[in-house]
**Q** 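There's a structure below that I have some questions on.
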Amino acid sequence: MAIKEQLISAQGNDRVFGLLAGPPGIGKTTQATTFPKEETAIISIEDGLLSIKGSGYFSFEIENYEDLIEVLEKRLKSSQYKWIKYLLIDSLSEIYDLIRRTAKLTFTQKENFARNDEIKDKVFYCIRLARGLDVNCFFTCHVKQEKNGVILEDELAFDGKMPNELKKMFDTVVLMKEVTFDNAQPSRAFILSPMLSKISKARVSPWLGITIADYEEPNLYKLVQKLLGIANKGESNGKS
């Protein structure tokens, strides 16, 4: 096995691998249009791009799991798509539903554990493939609200222990939702603080002097620039 030795510098081949979660209709898919059009691709599962129809962005339209794997394993690694620097996969929820529907046809009710393992393995495999790409990549994902005692909390919309296991696969998990500041009208914001949301997760290198606020402007491109240390250090796009 070859051992690679290097100094970990700020100029390395850094990229952001994240999950953008939020309720249906909040504008997660539209966040793809914050990225430069000439450097961005969208993977759309089961024709979910109505909200950005006519935008001129490039997309792969996926109808089954096998096609998704073909795009992630081969197509995006070919020289034809070297121009892609930003990738939005819309959505992890649809991928999960697609895999689950197929698994229900493959396994009987008595094979419940085998079916669940199959679903989990396939979901995690496509996430690992996406993580291995040399692009800034975000999956979108639906959330649901569940009661923790008397408090309604946002949760990733998956069954069982899947939400917590999924969060570990991503460097950053952003919750997009409507929030109200100082009794003003509700506005959309990114929530990155785990103190404010069980979903949120943000890993930021302390050596780059980057400051991420509890609430950030709902602009995925600006957030990626900030996480990479490209944006002005110490500035906040949102309210803290």
Side-chain angles (χ1 to χ4, degrees), residues 16-32 42-46 48-49 51 62 65 68 72 87-104 112-113 115-131 133 136-179 186 188-204 212 214-216 218-220 223-224 227 238:
V16 176
F17 184 68
L19 182 67
L20 175 61
I26 196 68
K28 300 184 297 297
T29 305
T30 308
Q31 283 296 314
I42 305 163
I43 296 180
S44 173
I45 314 299
E46 298 192 329
L49 296 179
S51 61
I62 303 297
Y65 181 78
L68 172 64
L72 293 174
L87 178 66
L88 186 81
I89 304 177
D90 187 43
S91 70
L92 191 58
S93 307
E94 297 289 351
I95 293 171
Y96 176 72
D97 288 341
L98 190 66
I99 295 169
R100 186 169 56 175
R101 289 199 302 270
T102 303
K104 283 184 177 180
N112 185 51
F113 289 110
R115 181 180 69 236
N116 290 340
D117 286 343
E118 169 92 352
I119 294 169
K120 178 180 174 181
D121 288 346
K122 286 188 172 182
V123 169
F124 279 46
Y125 182 60
C126 74
I127 294 174
R128 287 194 296 270
L129 286 176
R131 188 180 183 90
L133 297 171
N136 294 286
C137 177
F138 271 82
F139 283 81
T140 64
C141 180
H142 294 329
V143 301
K144 59 183 178 180
Q145 286 197 323
E146 291 190 345
K147 275 192 176 182
N148 180 8
V150 295
I151 302 173
L152 276 175
E153 292 185 337
D154 295 302
E155 297 279 2
L156 296 180
F158 299 97
D159 299 326
K161 297 179 180 179
M162 185 80 82
N164 287 331
E165 294 175 344
L166 282 171
K167 280 180 62 176
K168 296 175 184 177
M169 304 286 288
F170 296 92
D171 297 324
T172 298
V173 184
V174 182
L175 175 62
M176 183 179 183
K177 67 182 300 185
E178 285 197 347
V179 296
R188 294 173 182 177
F190 285 168
I191 301 175
L192 290 102
S193 168
M195 298 297 292
L196 298 177
S197 164
K198 287 172 59 179
I199 290 176
S200 301
K201 167 188 172 184
R203 288 178 179 165
V204 179
I212 301 296
D214 290 344
Y215 298 98
E216 290 282 343
N219 185 304
L220 208 50
L223 178 63
V224 168
L227 290 170

**Q** How many angstroms lie between OH in Y96 and CD1 in I45, if you round to the nearest 0.5 Å?
**A** 15.5 Å
**Q** Does a side-chain heavy-atom distance below 4.5 Å link E165 with F124?
**A** yes
**Q** Identify the two heavy atoms, one from L175 and one from S197, that lie closest to each other, and give their separation to 0.1 Å.
**A** CD2-OG, 3.4 Å
**Q** Measure the shortest side-chain to side-chain distance between Q31 and F138 over non-hydrogen atoms and say whether it is less than 4.5 angstrom.
**A**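 SC-SC contact between Q31 and F138 ruled out.
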**Q** Does the side chain of V16 reach to within under 4.5 Å of the side chain of D171, using non-hydrogen atoms?
**A** no
**Q** Parallel, tilted or perpendicular, judged at 30° and 60°: which one describes the rings of F17 and F170?
**A**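 The arrangement is parallel - the two ring planes meet at less than 30°.
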**Q** CG of L227 to CD1 of I212: how many Å apart, nearest 0.5 Å?
**A** 4.5 Å
**Q** Is there side-chain contact between I199 and E155, with heavy atoms separated by less than 4.5 Å?
**A**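 A side-chain contact under 4.5 Å is absent here.
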**Q** If only atom types and distance count, is the side chain of K177 paired as donor or acceptor with the main-chain N or O of A21 below 3.5 Å?
**A**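 Judged by distance alone, no pair lies under 3.5 Å.
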**Q** Once rounded to the nearest 0.5 Å, what's the spacing between atom NZ of K104 and atom CG of N112?
**A** 10.0 Å
**Q** Can you name the closest pair of heavy atoms from I191 and S200 and give their distance?
**A** O-OG, 2.8 Å
**Q** Over all heavy atoms of both residues, which pair between R100 and D97 is shortest? Give the atoms and the distance, please.
**A** NH2-OD1, 3.1 Å
**Q** For A103, which residues count as a side chain to side chain contact (heavy atoms under 4.5 Å, CB included) partner, sequence neighbours excluded?
**A**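 Here the qualifying residues are F107, R115, I119.
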**Q** Do K120 and D117 meet the salt-bridge criterion of a basic N to acidic O distance under 4.0 Å?
**A** no
**Q** Do you know the tightest heavy-atom contact between P194 and K201?
**A**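 Shortest heavy-atom separation between P194 and K201 comes out as CG-CA, 4.4 Å.
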**Q** Let me know which of I95, L19, L20, I62 forms a side chain to side chain contact (heavy atoms under 4.5 Å, CB included) with I89.
**A** I95
**Q** To the nearest 0.5 angstrom, please state how far the OH atom of Y65 sits from the CG atom of L98.
**A**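 Answer for the OH-CG pair, Y65 versus L98, is 10.0 Å.
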**Q** Would a 4.5 Å heavy-atom cut-off, applied to side chains only, mark R188 and I26 as touching?
**A**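 Yes, close enough: below the 4.5 Å cut-off.
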**Q** Closest approach of L156 and K144, non-hydrogen atoms and distance?
**A**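 Scanning both residues completely, I find the closest heavy atoms to be O-CE, 3.9 Å.
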**Q** Would you please name every residue forming a side-chain hydrogen bond (donor to acceptor under 3.5 Å, both in side chains) with D90, sequence neighbours left out?
**A**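 With sequence neighbours excluded, D90 shows a side-chain hydrogen bond (donor to acceptor under 3.5 Å, both in side chains) to T29, T140, given in chain and number order.
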**Q** Less than 4.5 Å apart, any side-chain heavy atom of L223 and any of L192?
**A** yes
**Q** What I'd like to find out is whether the side chain of F158 reaches to under 4.5 Å of the side chain of C141, using heavy atoms alone.
**A** yes
**Q** Taking all atoms of both residues into account, what is the closest heavy-atom pair of F139 and I127, and its distance?
**A**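 The pair with the smallest heavy-atom distance is CZ-CA, 4.1 Å.
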**Q** For L92 and V123, run side chain to side chain contact (heavy atoms under 4.5 Å, CB included): C-alpha distance rounded to whole Å, both residues' side-chain angles, the deciding distance at 0.1 Å, then the answer.
**A** CA-CA 8 Å; L92 191 58; V123 169; 4.2 Å; yes
**Q** Is there a side-chain contact between R131 and C137 (heavy atoms, below 4.5 Å)?
**A**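 Heavy-atom side-chain distance check fails, nothing below 4.5 Å.
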